[in-house]
Amino acid sequence: MTATNTLAYPIHSLREQVTALEAAITLCLSDPKTKPVHRLRTTTRRIEGQLAMLKIVPKVPRHRKQAGEARKLLKKLRRAAGDVRDIDVQLDLIDQIAGQDDSSELKDGAAKLREKLEADRKEHAEKLVKVLEKRQSEVTLALEELLKALKPIETLALSATELTKLAGRWYRKNLPPEVNKKEDESEYLHTVRKVAKLARYIAENAPESAKAPRDLAAGFESLQQSGGDWHDWMVLEEIAGENVGKSSALTKVLARRNRTALQVYRRHLGEFSG
């Protein structure tokens with residue numbers, strides 16, 4: 001294996017993500033189905049991961065203004081896509097629960113909640129399209145300006161060792177203080193999940209042949225997923241409680257799933273060392 005096969009090229013990766021974002025926007029404008037919306041949301045996060053990494057890479061040219069403008073616009077897109085994506089996940093979880101329980105009370109609650117969420121999705125999907133129509137040209141221009149500012153380091157290459165250290169350092173630096181865990185554990189755990197996600201995207205700059213950063217990325221992804229599972233069940237339990245009642249059969253099942261997922265995430269976090 002040659003050294004070149006394990007090098008990461010951050011600006012090349014950023015360009016690829018910008019292209020992927022443009023494609024995702026086009027697809028969502030045509031029809032905001034589940035996969036394009038998910039791709040749109042994920043790609044905005046991946047670009048944010050690139051920007052986070054470039055803040056700690058030495059000798060990067062000035063790009064603070066361009067990065068700030070890009071982040072501001074990406075956040076608008078991510079939030080709009082997130083509202084739709086979250087409902088898609090919630091609908092899948094409801095189907096999962098309803099398919100495992102023959103209780104008529106639970107199925108009635110699931111049907112009622114599904115109807116409500118489907119109406120919400122339609123509304124949020126329409127809002128997403130409006131946001132994309134309004135912001136598409138701004139996003140394109142902002143990202144072009146960002147790439148222009150970074151052109152002097154177009155060929156910047158990071159070794160597998162350098163990238164592994166960068167991803168690990170960024171993760172540790174951005175973890176919330178332990179005191180936050182005592183004050184509000186849910187918010188603390190939610191923040192850790194988001195930090196792990198961006199750290200994963202930083203590490204995933206490495207090609208498949210670069211074992212160390214790819215192994216680290218897999219670790220971050222696993223932590224992110226267990227945290228995501230817990231958060232999805234928690235949010236759905238809250239929504240069910242508000243719409244079909246806290247004492248309903250559906251909400252009780254969701255509460256159990258939430259507790260189990262939380263235990264798994266806590267254990268995973270305790271075992272993880274990034």
Side-chain angles (χ1 to χ4, degrees), residues 7-21 24 39-79 81-82 139 142-177 180 187-207 210 212-225 227-228 231 269 272-274:
L7 291 176
Y9 296 90
I11 307 305
H12 291 187
S13 296
L14 178 59
R15 285 189 181 279
E16 289 175 354
Q17 293 305 326
V18 169
T19 300
L21 178 63
R39 185 179 180 188
L40 174 60
R41 186 188 195 185
T42 299
T43 307
T44 60
R45 276 294 194 192
R46 286 186 178 277
I47 294 175
E48 288 172 356
Q50 293 297 105
L51 296 179
M53 180 183 65
L54 289 171
K55 286 180 70 175
I56 58 175
V57 173
K59 300 180 180 179
V60 172
R62 289 179 179 272
H63 66 289
R64 182 175 179 179
K65 180 180 178 181
Q66 293 89 342
E69 182 63 20
R71 282 195 191 91
K72 182 176 70 175
L73 291 167
L74 289 171
K75 187 175 183 179
K76 294 179 186 296
L77 266 57
R78 176 170 50 79
R79 284 184 169 177
V139 171
L143 292 173
E144 285 177 354
E145 290 298 315
L146 174 63
L147 289 168
K148 187 185 300 182
L150 294 169
K151 192 169 180 59
I153 57 167
E154 183 80 34
T155 58
L156 172 69
L158 299 173
S159 70
T161 300
E162 289 173 320
L163 187 59
T164 303
K165 288 180 178 178
L166 280 172
R169 187 164 77 235
W170 190 91
Y171 171 75
R172 292 188 293 272
K173 181 179 178 181
N174 287 277
L175 284 176
N180 292 11
E187 183 61 29
Y188 172 85
L189 294 173
H190 181 47
T191 301
V192 171
R193 179 180 71 90
K194 292 190 291 184
V195 171
K197 182 185 294 186
L198 282 191
R200 166 198 167 190
Y201 293 152
I202 291 173
E204 284 184 351
N205 272 272
R214 278 290 169 171
D215 285 349
L216 182 60
F220 284 135
E221 182 178 11
S222 181
L223 182 63
Q224 167 204 334
Q225 288 180 342
H231 193 260
L269 185 57
F272 183 75
S273 58

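The model shown is predicted, which means the values in this text are computed figures rather than measured ones.
Nearest heavy-atom pair across L216 and A167 is CD2-CB, 3.9 Å. Considering every non-hydrogen atom in both L146 and A70, the closest pair reads CD2-CB, 4.3 Å. Scanning all heavy atoms of the two residues, the minimum distance from Q17 to T43 falls at O-CG2, 3.2 Å. Residues Q66 and A149 approach most closely at NE2-CB, 3.7 Å, considering heavy atoms. The shortest heavy-atom contact between L150 and L14 is CD1-CD2, 3.7 Å. Of all non-hydrogen atoms in P10 and L156, the two that sit nearest each other are CD-O, 3.4 Å.
The side-chain heavy atoms of K59 and I153, taken from C-beta on, include no pair separated by under 4.5 Å. At least one side-chain heavy atom of L21 sits less than 4.5 Å from a side-chain heavy atom of V139. The shortest distance between side-chain heavy atoms of T191 and N174 does not fall below 4.5 Å.
Applying the salt bridge (Lys or Arg N to Asp or Glu O under 4.0 Å) test to residues at least two apart or on different chains, the pairs with a partner in residues 63-74 are E69-K72. Among pairs with a residue in residues 190-199, none fulfils salt bridge (Lys or Arg N to Asp or Glu O under 4.0 Å), at least two apart in sequence or across chains. Screening residues 144-171 for ring-ring contact (aromatic ring centres under 6.0 Å, His included) gives Y171-F220, Y171-F272 as the qualifying pairs, with residues at least two apart or on separate chains. Judged as a side-chain hydrogen bond (donor to acceptor under 3.5 Å, both in side chains), the pairs with a partner in residues 149-158 (not counting sequence neighbours) are, in order, R15-E154.
To the nearest 0.5 Å, atom CZ of residue R41 and atom CZ of residue R79 are 11.5 Å apart. For the atom pair L143 CG and T19 OG1, the distance stands at 10.0 Å (nearest 0.5 Å). Once rounded to the nearest 0.5 Å, the distance linking CG of L166 with NZ of K173 reads 11.5 Å. In this structure, CZ in R200 is found 11.5 Å from CG in L223, a value given to the nearest 0.5 Å. Distance check, rounded to the nearest 0.5 Å: CG of L51 to CE of M53 gives 9.5 Å. Separating the CD atom in Q50 from the CZ atom in R45 is a distance of 14.0 Å, to the nearest 0.5 Å.
Formation of a donor-acceptor pair under 3.5 Å by the S222 side chain with backbone atoms of G219 is not found in this model. Under a 3.5 Å cut-off, the side chain of S13 and the backbone N or O of Y9 do form a donor-acceptor pair. Distance alone, capped at 3.5 Å, is enough to place a donor-acceptor pair between the N205 side chain and the I202 backbone.
Applying the side chain to side chain contact (heavy atoms under 4.5 Å, CB included) test to E16 and every residue at least two apart in sequence or in another chain returns nothing. The side chain to side chain contact (heavy atoms under 4.5 Å, CB included) search around S159 returns L7, T161, E162, not counting sequence neighbours.
One finds a salt bridge joining E204 and R46 here, because a Lys/Arg side-chain nitrogen approaches an Asp/Glu carboxylate oxygen to under 4.0 Å.
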